2 protein chains.
Amino acid sequence: MKLTQREWRSNCPINFALETFGDLWSLLIVRDMLMYGKSTYGEFQKSEEGIATNVLADRLVRLEREGIITKSLNESDRRKATFRLTQKGIDLLPVLLEIILWSAQHNSKTSAPKEFVEQIRNDRDGLTAKIIKELKSY
Amino acid sequence: MKLTQREWRSNCPINFALETFGDLWSLLIVRDMLMYGKSTYGEFQKSEEGIATNVLADRLVRLEREGIITKSLNESDRRKATFRLTQKGIDLLPVLLEIILWSAQHNSKTSAPKEFVEQIRNDRDGLTAKIIKELKSY
DNA sequence: TAAACTTACTTGCAATTTGCAAGTAAGTTT
DNA sequence: AAACTTACTTGCAAATTGCAAGTAAGTTTA
C-alpha cells in the first residue's frame, strides 16, 4: 500500500537531508526564521533573494510537511498565518552555522559580519544559546 | 559588461552556499568523494540514489566551475577522468558532519552507523583529521 | 587486427519545476 | 462602502529533471 509510504532514494543521512531541504530556497526560509525572527509569508517574501510567490507557498507547505515548521493562524489579523520552527527546525542551526563559516571562507563578498563569524568560531555554544533565546522571545 | 560577471541573489552566506550546491545531488557527490573516496564518473553513478547520467555530467561540470572539484585525465585509462576535491571542497566536511548529526537525530531509518555518529559528537577533530588523511591516501 | 566490450557522456522526449506577473478571495483600514 | 493589504493561485514560457537509447573514444579479447 503506497498511499502513505514515502520512497527514499537511500537511507544515507546526507540524502535524507537533501530530500528534506535540498533546494535553492528552503534553507533561506529557515535562515529568515532563525536569524531574523521572520514568521509570516509577507516577511519571507521581502527577503533580498526575491522568491517567487508560488515557490514560497510551495516551500512553506513542504517544510510543514517535513515537520520543520508549524503553521498557525494569527489571531490579530486573520489573513496572516504565523510560521514557527519546530525543534527539528531549530536543530538545523548548527548546519546553518557551518554553512556560514564555509561561505565566509570562500566568498570574498560575503555579507556575514566578521564579528559574527568570529563568534561562531570562538563561542559556538554561547551563540547558539543566544540565537535560540531570541527565537523564543519572538 | 556582463560576460564574466555572475549575478548573486544576495551576498548572504547561506544564499552563497545554496547557489553553489543547493540542489538534490551536489552534496551527494561531495559525500561520495569525502566518505567513500570515489573519484570517477562511473563510481558516482553507482551510488544508491541513482543519479541520471545527464544530471551527473551537469553537476560535475558545475562543481568544477564552482572550484569545489578538479578534473584530470586518468593516465592508465584515457576514457576516464579523475575528480578530486579542492581545499574548498574539503572544507565542506564540517557541513556534512552537521548534516549527518541532524539526520541521525531526525531520521529513524538512518543508515548512519551509531559509532560514527558518536564519534562526530565526541571527537570531531580526530574524525576530521582521519577522514582527510584517508582522502589524501586515495 | 578486428570484434566485443567499457566508459563517459549526449541526445530525445515527456514530465515536472521554476520564475514572472497578473489575478483572486478574504480580511482590514479608511 | 470603497480602497487597500495579505496570502496565495493561475497562466504561461523557460528551465530542469529523469528515463533510456545513442554515440564516440578507448580498452580488452580472441
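Here the structure is a predicted model, which is why all the values come from computation and not from measurement. Throughout, a chain's letter reflects where its sequence line sits, starting with A, and its residues are numbered from 1.
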Next on the checklist: Any carboxylate oxygen within less than 4.0 angstrom of a Lys/Arg side-chain nitrogen, looking at Arg9(B) and Glu48(A)?
Outcome noted: no

Checklist entry - Atom CZ of Phe44(B) to atom C1' of dT7(C): distance rounded to whole Å? => result 14 Å

Item to check | Value in whole Å for how far the C1' atom of dT17(D) lies from CD of Glu49(B) | outcome: 16 Å

Checklist entry - Is Glu66(B) salt-bridged to Arg6(B), going by a charged N under 4.0 Å from an acidic O? => result yes

Item to check | Nucleotide dG18(D), atom P - distance to CZ of Arg9(A) in whole Å | outcome: 7 Å

Checklist entry - For dT30(C), which nucleotide in any strand shown is its Watson-Crick or wobble partner with both distances under 3.5 Å? => result dA1(D)

Checklist entry - Under 4.0 angstrom, heavy atoms only, what part of the nucleic acid is Asn54(B) near: base, sugar-phosphate, or nothing? => result base

Checklist entry - Salt-bridged, Glu98(B) to Arg124(B), with N to O below 4.0 Å? => result yes

Item to check | Atom-pair distance (CZ on Arg59(B); C1' on dC9(C)), nearest Å | outcome: 15 Å

Item to check | Side-chain N,O (Trp25(B)) to OP1/OP2 (dG18(D)) below 4.0 Å | outcome: yes

Next on the checklist: With a cut-off of less than 4.0 Å, is there a side-chain N or O of Lys71(B) near OP1 or OP2 of dC9(C)?
Outcome noted: yes

Checklist entry - Does some side-chain heavy atom of Met33(B) sit less than 4.5 Å from a side-chain heavy atom of Phe44(B)? => result yes

Next on the checklist: Measure CG/Leu73(A) against C1'/dG27(C) and give the value in whole Å, please.
Outcome noted: 11 Å

Next on the checklist: Can you tell me which nucleotide in dG26(D), dC8(D), dT28(C) comes closest to the side chain of Arg78(B)?
Outcome noted: dG26(D)

Item to check | 5' priority, DNA chain C, between Leu60(B) and Asp23(A) [closest heavy atom] | outcome: Leu60(B)

Checklist outcome for this item: Rounded to whole Å, CG of Asp58(B) lies from C1' of dC9(C) at a distance of 12 Å

Checklist entry - From dT7(C), dC8(D), dC9(C), pick the nucleotide closest to the side chain of Lys80(B)? => result dT7(C)

Checklist entry - Does Glu43(A) pair with Lys46(A) as a salt bridge, N-O distance under 4.0 Å? => result no

Item to check | Rounded distance (Å) that lies between atom C1' of dA8(C) and atom CD of Glu43(B) | outcome: 13 Å

Checklist entry - Looking only at N and O atoms, is any donor in the side chain of Thr53(A) or the base of dT9(D) less than 3.5 Å from an acceptor on the other one? => result yes

Item to check | Nucleotide paired to dT24(C) in any strand shown, Watson-Crick or G-U, under 3.5 Å | outcome: dA7(D)

Next on the checklist: From CZ of Arg62(B) over to P of dT16(D), roughly how many Å is that when rounded to an integer?
Outcome noted: 7 Å

Checklist entry - Got a donor-acceptor pair under 3.5 Å from the side chain of Arg79(A) to the base of dT5(D)? => result yes

Checklist entry - Nearest to the side chain of Asp77(A) - dC8(D), dT18(C), dT28(C)? => result dT28(C)

